[in-house]
Participant: 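Input: one structure, supplied below.
These figures come from a predicted structure and were not determined experimentally.
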Amino acid sequence: QVRLAESGGGSVQAGGSLTLSCAASGNTYTANTMGWFRQAPAKEREGIAAIYRDDNSTYYADSVKGRFTISQDNAKNTVYLHMNSLKPDDTAMYYCAADRFDPMRWPLTTAYYNFWGQGTQVTVSS
C-alpha cells in the first residue's frame, strides 16, 4: 500500500506560479512511477505529467509542456509539480498518483495507477 499526500495548492493570478508537492509513504519501493493529474468540474481527469523515478524520465501532456516541470526528491519520497505561466484553464483539482513502472502502459492515463492522493485545489484568476 502506498499513501500519497498532496500540498501546495492555492489561488494565483494568471501568469503566476505554484509548486505542488506529493509525499509518498508506505511501500514506496513499489511506486517508481508517479504522475500528476487534474480534473476540472464536469471534465474528465487529465494526466499532465509523470516521472519514472529510477532514471528520472519525464512525460508531459501537450497542454502543460514548456510551462510545468515534474521533479523528485528521492530522499524525501516526494515528487513536485512546478507550474509557471498559469492560465485560468489550469484551474482544477490536482491529484498525485503512483504505481509500479509498466512498460505496456502510457503513464499519463488514469488506468496506469492504483494509488491516488486526495487532491489539492488550484485556482487561477484572470
Participant: May I ask you to check whether Arg3 and Asn27 show a side-chain donor-acceptor distance below 3.5 Å?
Facilitator: no
Participant: Anything under 3.5 Å between a donor and an acceptor, one on a side chain of residues 119-126, the other on a protein residue two or more places apart or in another chain? List them.
Facilitator:
from, atom 1, to, atom 2, distance (Å)
Thr120, OG1, Gly9, N, 3.1
Gln121, NE2, Ala92, O, 3.4
Gln121, NE2, Thr123, OG1, 3.4

Participant: Is there a donor-acceptor contact under 3.5 Å linking the side chains of Asn32 and Arg100?
Facilitator: no
Participant: Any chain of hydrophobic side-chain contacts (each under 4.5 Å) joining Tyr95 to Ile70?
Facilitator: no
Participant: Quick check against the 3.5 Å criterion: does Gln72 have a side-chain atom that pairs as donor or acceptor with the backbone of Val79?
Facilitator: no
Participant: With a 4.5 Å limit on heavy-atom distance, are the side chains of Arg53 and Asn74 in contact?
Facilitator: yes
Participant: Mind jotting down which residue pairs meet the salt bridge (charged side-chain N to carboxylate O under 4.0 Å, His left out) criterion with at least one end in residues 21-35? Sequence neighbours excluded, please.
Facilitator: none
Participant: Taking transitive links into account, so neighbours of neighbours count too, which hydrophobic residues share a cluster with Tyr29 at under 4.5 Å side-chain distance?
Facilitator: none
Participant: Applying ring pair (Phe, Tyr, Trp, His ring centres under 6.0 Å), can you list everything that pairs with Phe68, at least two apart in sequence or on another chain?
Facilitator: none
Participant: Report all side-chain donor-acceptor pairs from residues 10-25 shorter than 3.5 Å, counting only partners two or more places apart or in another chain.
Facilitator:
from, atom 1, to, atom 2, distance (Å)
Ser17, OG, Asn84, OD1, 2.9
Thr19, OG1, His82, ND1, 3.3

Participant: Can you name the residues that form a ring pair (Phe, Tyr, Trp, His ring centres under 6.0 Å) with Tyr52, not counting sequence neighbours?
Facilitator: Phe101
Participant: Who passes salt bridge (charged side-chain N to carboxylate O under 4.0 Å, His left out) against Glu46, sequence neighbours left out?
Facilitator: Arg38
Participant: Does Asp54 have any salt bridge (charged side-chain N to carboxylate O under 4.0 Å, His left out) partners at least two apart in sequence or in another chain, and if so, which?
Facilitator: none
Participant: Grouping I, L, V, M, F, W and Y whenever their side-chain heavy atoms are under 4.5 Å apart, do Tyr60 and Met83 come out in a common cluster?
Facilitator: yes
Participant: Could you please spell out the steps behind the side chain to side chain contact (heavy atoms under 4.5 Å, CB included) verdict for Ile48 and Leu81?
Facilitator: CA-CA 10 Å; Ile48 55 174; Leu81 186 67; 3.8 Å; yes
Participant: So, for Pro107 and Tyr112, which heavy atoms are closest and what is the spacing to 0.1 Å?
Facilitator: CA-CD1, 3.6 Å
Participant: Taking only residues at least two apart or on different chains, which pairs with a member in residues 101-111 satisfy salt bridge (charged side-chain N to carboxylate O under 4.0 Å, His left out)?
Facilitator: Asp102-Arg105
Participant: Does Ala97 have any side-chain contact (heavy atoms from CB on, under 4.5 Å) partners at least two apart in sequence or in another chain, and if so, which?
Facilitator: Phe37, Tyr113, Trp116
Participant: Once rounded to the nearest 0.5 Å, what's the spacing between atom OG of Ser57 and atom CD1 of Ile51?
Facilitator: 8.0 Å
Participant: Check salt bridge (charged side-chain N to carboxylate O under 4.0 Å, His left out) between Asp99 and all other residues, then give those that pass, not counting sequence neighbours.
Facilitator: none
Participant: State the NZ-CE distance between Lys43 and Met93, to the nearest 0.5 angstrom.
Facilitator: 15.5 Å
Participant: Given the rule that I, L, V, M, F, W and Y join up when any side-chain heavy atoms are under 4.5 Å apart, are Phe115 and Tyr59 in one cluster?
Facilitator: no
Participant: By the salt bridge (charged side-chain N to carboxylate O under 4.0 Å, His left out) test, which pairs, at least two apart or in different chains, include something from residues 67-87?
Facilitator: Arg67-Asp90
